[in-house]
Every structure is written in C-alpha cells, then in structure tokens.
Amino acid sequence: MAENMRNVYSVENVMGKSPADGPLHDKVYFERTEVPPDKGFHIQFVTKEHNSPLHWHREMEILYILNGSAVVQMEGKKYHLNPQDLIVIDSSVIHDVVYALPQTMGICIHISKSYMRRYLADMELMRIICIPESPVLGKEESYGKLRWYLKELTVLYFEQKQSYPFASGAIIMEILAELVDDFSELVSEEIRIAGADNLVRVEEIFQYVEEHYKEPISLQDAADQAGLNKEYFCRFFKKNTGMTFLQYVNQVRISHIYRDLLHAEGNVQEIMERHGMYNAKVFYRLFKERYGCTPREMWKMMEEEQETDS
C-alpha cells in the first residue's frame with residue numbers, strides 16, 4: 001500500500017482519510033492555523049477549497065504539490081509549483097495561494113516558531129528562503145532531500161499508523177535541520193522589528209477591507225483609516241504586499257465570489273453584486289486571470305470530476 005501511495009495521489013483517495021480542513025475562515029487576511037501547542041506542527045491536505053487572497057500567519061508554512069499545480073505570490077513575486085515542487089513561506093510573510101482547477105492537491109505543513117525556538121533560540125533572527133528555483137541556484141541536492149522527506153511524510157500522514165506521531169515528528173525535525181543548514185540567512189534585529197511594525201499596519205488595512213469590501217472603498221478612505229496621506233499609503237501598500245490597493249480589494253472580492261460559486265451554481269451577477277462587484281466585464285477578466293477559467297467552465301470541470309468519481 002505504501003509503495004502505491006508514493007506515486008498516486010488524488011482527492012477521492014485522501015480526502016476524509018485524515019482531517020483535511022475545509023475552506024479558509026471568513027476572515028481571510030489572517031489565517032489562524034490549528035497548531036497544537038504540545039505538538040508544534042500541523043499537517044493537512046489542501047485543494048481548490050483552500051484558495052485564498054493575501055494573508056499571513058505566525059507559523060512557517062511548507063507547501064508540497066502532489067498533483068496539479070499551484071501559484072504562490074509573496075514579496076512581489078509569483079512562484080509556479082508543479083508536482084513534487086515545494087516552497088517555504090516564512091513566518092509573517094504576506095502571501096496568497098491559488099490551487100489550479102479542477103483537482104490540484106498538495107500537503108501543507110504549519111510549524112510554530114515557539115516549537116523551533118525550543119531547539120534554536122535564534123530562530124527569530126533567521127529567514128528561510130526555499131523556492132522552486134532553489135535547485136538552479138546551486139541547492140539541488142538539499143532541495144532533493146526536502147522533496148524526499150515530504151514524500152515520506154505524505155505517506156505517513158495518509159496511513160496514520162500508531163507510530164505516526166513519532167515518525168512524523170522525526171521527519172519534521174529532519175526538514176527543519178535541512179532548512180536551517182542550507183536555506184537560512186540571518187537578519188538584523190532592526191529589520192525584524194521594522195517588519196513586525198509594518199505587518200501590524202498592513203493587518204489593520206486588511207481587516208478594514210475585509211469588513212467593508214462589499215461597499216465602495218476609495219483609496220482615500222483606506223489611507224485615512226491607516227493614518228497616512230494617500231501618496232505614501234500607495235507606496236507603503238505596494239512595497240509590503242506586492243500589489244496595489246485596488247488590486248487587493250478586487251482580489252478579496254473575487255475570492256469571496258469564488259467560494260460562493262464553488263459550492264453552488266447560481267446567478268453570477270447576483271453573487272458578484274453580493275460581494276461588491278458590479279462591472280461584469282472586469283469581474284470575468286479578473287476571475288479568469290486568477291483561476292484560469294470562467295465560472296461556467298469551473299462548474300463544468302467540477303461536474304465532469306464528479307462524474308469521473310462516481
């Protein structure tokens with residue numbers, strides 16, 4: 001069974017075998033991950049249900065693609081992930097993830113910084129950089145080791161043997177050791193503090209948008225909310241998120257519309273307007289740019305997927 005699982009992953013095979021969490025919480029700007037304090041890490045399968053707009057969390061995230069593909073945006077760059085690709089999203093890094101339709105699946109691991117500090121007190125001053133391009137940056141061997149560890153961890157997670165807590169914990173420690181040795185760089189205390197201060201302000205902006213995205217939101221409204229003049233606000237937001245404020249507002253609206261469309265067919269115009277979008281031309285363009293299809297094409301893919309599964 002284990003050997004078969006090393007090469008075959010599908011939604012129908014694994015969803016339900018373990019607690020593969022449902023869609024993101026309603027407040028998507030800050031993801032509250034469920035990391036047990038006594039354990040220090042949390043593992044789950046992720047699919048199209050977990051597509052999310054820009055958000056952040058305090059835990060380090062490791063994403064490993066099993067089938068399909070995904071696009072991760074962080075720090076102003078987009079990273080395309082294919083099967084067996086992995087990426088590390090460090091603690092408090094603003095990012096968003098789109099899992100390609102119809103049947104992308106990955107395994108996602110969140111590891112708390114407090115867990116890592118048990119073994120390495122200076123972890124707060126380390127920045128982990130591990131991206132799909134790492135092999136061509138001279139780290140092919142180390143990236144290959146991480147792939148192997150994550151493949152083994154996926155099998156363990158699927159099988160859920162009695163020894164799972166011991167075996168999974170051991171592999172997590174191997175992964176962390178590899179990341180610290182070959183993918184980390186030191187940052188100064190000043191840079192860390194400045195980053196934390198900026199994140200507080202960005203979180204306030206994200207929260208404001210989440211609470212008001214169904215209404216018209218002007219750039220001036222957001223700048224006033226942040227206590228900044230409009231010109232500085234634009235520069236600050238783009239520097240810290242990698243996109244303009246208008247792009248972010250539309251991304252939040254599109255993400256909410258996507259989740260509604262994912263679970264029920266209906267009048268697209270009504271669903272759009274429910275989430276603050278009234279320009280159909282803009283909506284269809286942004287939806288296709290983000291998800292690679294129109295709503296009707298998405299429904300058709302999901303229908304064909306259900307027919308294949310039945």
OH (Y278) with more than 12 external heavy atoms under 6.0 Å: yes

NZ-CD distance between K139 and E133, expressed to the nearest 0.5 angstrom: 12.5 Å

Exceeds 12 heavy-atom contacts within 6.0 angstrom, atom OH of Y232: no

F206 and F237 aromatic ring geometry - parallel, tilted or perpendicular at 30°/60° bounds: perpendicular

Heavy-atom check, side chain of F287 versus side chain of M298, under 4.5 Å: yes

Ion pair check, E289 and R285, cut-off under 4.0 Å: yes

Sidechain-backbone polar pair: S52 side chain, D96 backbone, donor-acceptor under 3.5 Å: no

Donor + acceptor pair across side chains of Q251, Q247 (<3.5 Å): no

hydrophobic_cluster_shared for L246 and F283, side chain cutoff 4.5 Å: no

Same apolar cluster: M123 and I109, side chain cutoff 4.5 Å: yes

Main-chain N/O of A280 paired with Q269 side-chain donor or acceptor, under 3.5 Å: no

Heavy-atom donor-acceptor pair, Y143 side chain to L86 backbone, under 3.5 Å: yes

From CA spacing to verdict: side chain to side chain contact (heavy atoms under 4.5 Å, CB included), H263, E49: CA-CA 10 Å; H263 295 287; E49 297 279 353; 3.0 Å; yes

Side chain to side chain, L179 and I62, heavy atoms closer than 4.5 Å: yes

Neighbour count above 12 (heavy atom, 6.0 Å) for E141 CD: no

Side-chain heavy-atom pair L228, R201 within 4.5 angstrom cut-off: yes

Short side-chain to backbone donor-acceptor contact, Y79 and I131, under 3.5 Å: no

Selection residues 80-93 - residue pairs positive for side chain to side chain donor-acceptor pair (under 3.5 Å), sequence neighbours left out: D85-R147

Beyond-backbone contact of D224 with Q220, side-chain heavy atoms, under 4.5 angstrom: yes

Side-chain touch Y99/M105, heavy atoms, less than 4.5 angstrom: no

Gap between atom CG of D122 and atom CE of M116 - 0.5 Å precision: 13.0 Å

Side-chain donor/acceptor of T294 to backbone N/O of E297, under 3.5 Å: yes

Side chain H212, main chain V209, donor-acceptor under 3.5 Å: no

Residue pair Y258 / K48, side-chain heavy-atom distance below 4.5 Å: yes

Main-chain N/O of I217 paired to D221 side chain as donor or acceptor, under 3.5 Å: no

Any side-chain heavy-atom pair of I89 and W56 under 4.5 Å: no

E185 CD: over 12 foreign heavy atoms closer than 6.0 Å: yes

Mutual orientation of the aromatic rings belonging to H55 and H95 [parallel < 30°, tilted 30-60°, perpendicular > 60°]: tilted

Worked verdict on Q207 versus E211 for side chain to side chain donor-acceptor pair (under 3.5 Å): CA-CA 6 Å; Q207 182 172 356; E211 292 172 354; 3.2 Å; yes

S168 side chain to Y164 backbone, donor-acceptor under 3.5 Å: yes

Close side-chain approach of F45 to T154, heavy-atom, < 4.5 Å: yes

Within one Ile-Leu-Val-Met-Phe-Trp-Tyr cluster: L125 and Y115, side-chain cutoff 4.5 Å: no

Same apolar cluster: I172 and V180, side chain cutoff 4.5 Å: yes

Crowding at CZ, R296 (>12 non-hydrogen neighbours, <6.0 Å): no

Whether F245 and F233 hold their rings parallel, tilted or perpendicular, with breakpoints at 30° and 60°: perpendicular

